[in-house]
Amino acid sequence: MCSRPWCHGQERHASLWLYPRSSAFIGGSKAFPVLNTTTDVLIVGGGINGAGIARDAAGRGLSVMLVEQADLASATSSWSSKLIHGGLRYLEQYEFRLVREALQEREVLLRLAPHIIRPLLFVLPHDASMRPTWMIRAGLWLYDRLGGRITLPGSKAVAFPHMELSAGLKSDFRSGFVYSDCRVDDSRLTVVNAVSAREKGATVLTRTRFEGARRVEGGWEAIVSGPDGAKRSVRARALVNAAGPWVMDVQGRVEGDRIKGRVRLVKGSHIIVPKVHSQRHAYILQNPDKRVIFVIPYEGDFSLVGTTDVAVPRIEDAARISEGETDYLIAAANRFLAKPLARADVVSSYAGVRPLYDDGSENPSQVTRDYVLKVDHERREAPLLTIFGGKITTYRRLAEEAMEKLAPFFPGLKGPWTATEALPGGDVGHFNGFRDDMHKRYSRLGRELLDGIVRRHGSRAAAILGEARSIDDLGRHFGAGLTQREVDYLRREEWAATADDILWRRTKCGLHMSDTERDAVKRYVGE
């Protein structure tokens, strides 16, 4: 257990705030309570980058506090296309360093979290109106080799019709290509990084808003407001702005910030439809505007279709998919699918904003997906590290680079370590063998329920299942494999506070439930 008096997990966070010592609020004179100790690093933002940096820093021996204004992964980190991939299309933009790093990270993450990251075959149908065959062959050849040694199957050409690989396609398409990448439960990846950070001593505070900060006596004095709305002061040696879409807002709340850089807000929307074929591969589809969209097997019964690229001036403008974006995704898929989609087929959708580093590109699809890290400091003290851009695949490497930037301010800091230690639940060896063993151990619980829990929690599934011999032993069954025992675990161990936290981020059970079942979860958590 962490020896620091405030490192006890979110379930006790109300006890973290002690009685006040004198502290002046930024821009005023009101006194606020302070923690009884300073922290080495204060991180603003509970998306994948903030959680990844918190984990890395805590594992190197630093005291860490992460504050998130809403729920973990409640914005960009749960609005992705759910892929761990090199980014085949980025080769056309000459983003070779980014693609190489992403391909290398794909291998690392597949090893560290096999319960929430799985290999996935992608089929790219082709006809004469698209990019020329030689260009696709060259791109896939490079994709197979740019990241070094890979464990996934290499690319190949394929002739259609094919019993499996052309399932659901129009008969017009006579050939295509196949290559490998991975799918991921993006919000769970964020949560397990936060869990790991907490277990290494970090304090993770959700529903806690960063109000502002200033340099004081060689460090930072920051003001945050907790779930109760009360403002409190935190002292930190270093401040990290990993606020994603809100990075500029946070930057504006830091006194004396001299960091130059901006983000481009690009809206990405997805639709979810009944599965378009019965096989397990995804499609990557080329469109006349030179963009590509993915059609990805999703949650067993569905296909995920996305994404769009629409520049928006404000985060609020990306709150939901537009009719035009829905029509765009349906039309793009229907160019290839034998059974056309219609608006009535859309069972759900989501939209979010990607905070891309502003590299001056006019076309939103061509703005770099790479990340940029910038440090501002005074006399080698009180560093402010600001994160611009990034993608979920490279979050771990981004965190390592963040620690490289901060290392000069923390002499004797331990070296990199996150490439070899499994994420919570990921120490299962061969996942399919582990899952089969769990089915034997809990044979009476039913495949749907058990598969869901094992996929979400990996080796930690037993902490939920315990000695259960029937579904009744897990308490109330809300539907779609979600039980009272798991809900209680998510609230106790994973900062889940609302039904949405549980139904859409910690799990995806909400997609499979009726309104009545979802309402039952809301009532249970006290909403």
Side-chain angles (χ1 to χ4, degrees), residues 82-86 103-123 147 149-156 163-165 167 178-189 191-193 195-196 275 277-283 296-304 392-393 396 419-466 468-469 471 474 480-483 486 489 506-509 511-512:
K82 323 296 183 188
L83 298 178
I84 297 294
H85 65 138
L103 289 170
Q104 291 169 344
E105 284 301 291
R106 186 185 67 184
E107 291 290 315
V108 173
L109 296 177
L110 184 58
R111 184 174 67 251
L112 301 186
H115 55 315
I116 56 176
I117 299 174
R118 289 179 277 172
L120 183 63
L121 282 181
F122 285 77
V123 176
R149 180 180 179 274
I150 63 172
T151 58
L152 300 179
S155 63
K156 63 180 181 179
M163 184 178 297
E164 296 178 1
L165 299 179
V178 180
Y179 70 96
S180 298
D181 264 320
C182 293
R183 74 178 92 181
V184 65
D185 187 329
D186 50 3
S187 51
R188 283 215 60 78
L189 183 63
V191 169
V192 298
N193 270 274
V195 168
S196 179
K275 60 184 180 183
H277 60 73
S278 59
Q279 303 301 318
R280 291 183 289 181
H281 63 268
Y283 283 118
I296 303 166
Y298 189 60
E299 288 294 304
D301 299 326
F302 305 97
S303 292
L304 177 65
I392 194 167
T393 303
R396 191 201 65 83
T420 55
E421 183 174 315
L423 285 159
D427 53 337
V428 296
H430 190 279
F431 180 80
N432 289 342
F434 169 76
R435 181 188 58 198
D436 292 345
D437 289 342
M438 292 293 285
H439 277 296
K440 292 176 183 176
R441 180 177 173 183
Y442 296 100
S443 58
R444 298 182 182 179
L445 296 186
R447 179 165 293 273
E448 178 193 30
L449 182 146
L450 194 59
D451 276 355
I453 292 177
V454 169
R455 269 292 171 199
R456 290 189 284 273
H457 302 281
S459 62
R460 301 194 175 193
I464 297 169
L465 299 171
R469 290 293 176 264
I471 193 171
L474 299 176
L482 182 67
T483 66
E486 186 175 11
Y489 177 90
R506 304 308 185 281
T507 79
K508 300 296 185 290
C509 292
L511 186 61
H512 303 272

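Every heavy atom of this structure was used, including side-chain atoms; hydrogens, water molecules and symmetry mates were not.
Going from atom CG of L83 over to atom CD1 of I296 covers 4.0 Å, rounded to the nearest 0.5 Å. Rounded to the nearest 0.5 Å, atoms CZ (R149) and CD (E107) are 7.0 Å apart. D437 contributes atom CG, which lies 11.0 Å from atom CG of N432 (distance to the nearest 0.5 angstrom). For the atom pair CG (L121) and OG (S180), the distance works out to 5.0 Å, reported to the nearest 0.5 Å. The CG atom of D185 sits 3.5 Å away from the NZ atom of K508 when rounded to the nearest 0.5 Å. Rounded to the nearest 0.5 Å, atoms NE2 (H85) and CZ (R106) are 10.5 Å apart.
Side-chain contact between V192 and R188 is present, with at least one heavy-atom pair separated by less than 4.5 Å. Between I117 and L112, every side-chain heavy-atom pair lies at or beyond the 4.5 Å cut-off. No side-chain heavy atom of C509 sits less than 4.5 Å from a side-chain heavy atom of E486. Within the 4.5 Å cutoff, no side-chain heavy atoms of L165 are placed close to those of Q279. Side chains of K82 and R183 form no contact here, defined as non-hydrogen atoms less than 4.5 Å apart. Contact check for H115 versus V454: no side-chain heavy atoms found under the 4.5 Å cut-off. Within the 4.5 Å cutoff, no side-chain heavy atoms of L152 are placed close to those of Y179.
For Y489 and H457, the gap between ring centers is short of 6.0 Å. The distance between the ring centers of Y283 and H277 falls below 6.0 angstrom.
Here the shortest heavy-atom pairing between G466 and Y442 reads O-OH, 2.6 Å. The heavy-atom pair separating M438 from A461 by the smallest distance is CE-CB, 3.9 Å. Smallest separation of non-hydrogen atoms from G426 and S459: N-OG, 4.4 Å. Across every non-hydrogen atom of S303 and K275, the tightest pair is OG-CA, 3.2 Å. Contact detail for R469 and R441: the closest heavy-atom pair is NH1-O, 4.3 Å. Heavy-atom minimum distance, P114 versus G429: CG-O, 4.3 Å.
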Checklist entry - How far apart are the C-alpha atoms of T393 and I84, what are their side-chain angles, what is the distance that settles it, and do they pass the side chain to side chain contact (heavy atoms under 4.5 Å, CB included) test? => result CA-CA 5 Å; T393 303; I84 297 294; 3.8 Å; yes

Item to check | Candidate pair H512 and E299, rule side-chain hydrogen bond (donor to acceptor under 3.5 Å, both in side chains), full reasoning | outcome: CA-CA 9 Å; H512 303 272; E299 288 294 304; 3.2 Å; yes

Checklist entry - Please walk me through it: do I453 and L445 pass side chain to side chain contact (heavy atoms under 4.5 Å, CB included)? => result CA-CA 11 Å; I453 292 177; L445 296 186; over 6 Å; no

Item to check | Criterion side chain to side chain contact (heavy atoms under 4.5 Å, CB included) on R455 and R118, from CA distance to verdict | outcome: CA-CA 10 Å; R455 269 292 171 199; R118 289 179 277 172; 2.8 Å; yes

Next on the checklist: Could you go through L511 and D301, starting from their C-alpha distance and side-chain angles, then the distance that decides it, and tell me whether this counts as side chain to side chain contact (heavy atoms under 4.5 Å, CB included)?
Outcome noted: CA-CA 10 Å; L511 186 61; D301 299 326; over 6 Å; no

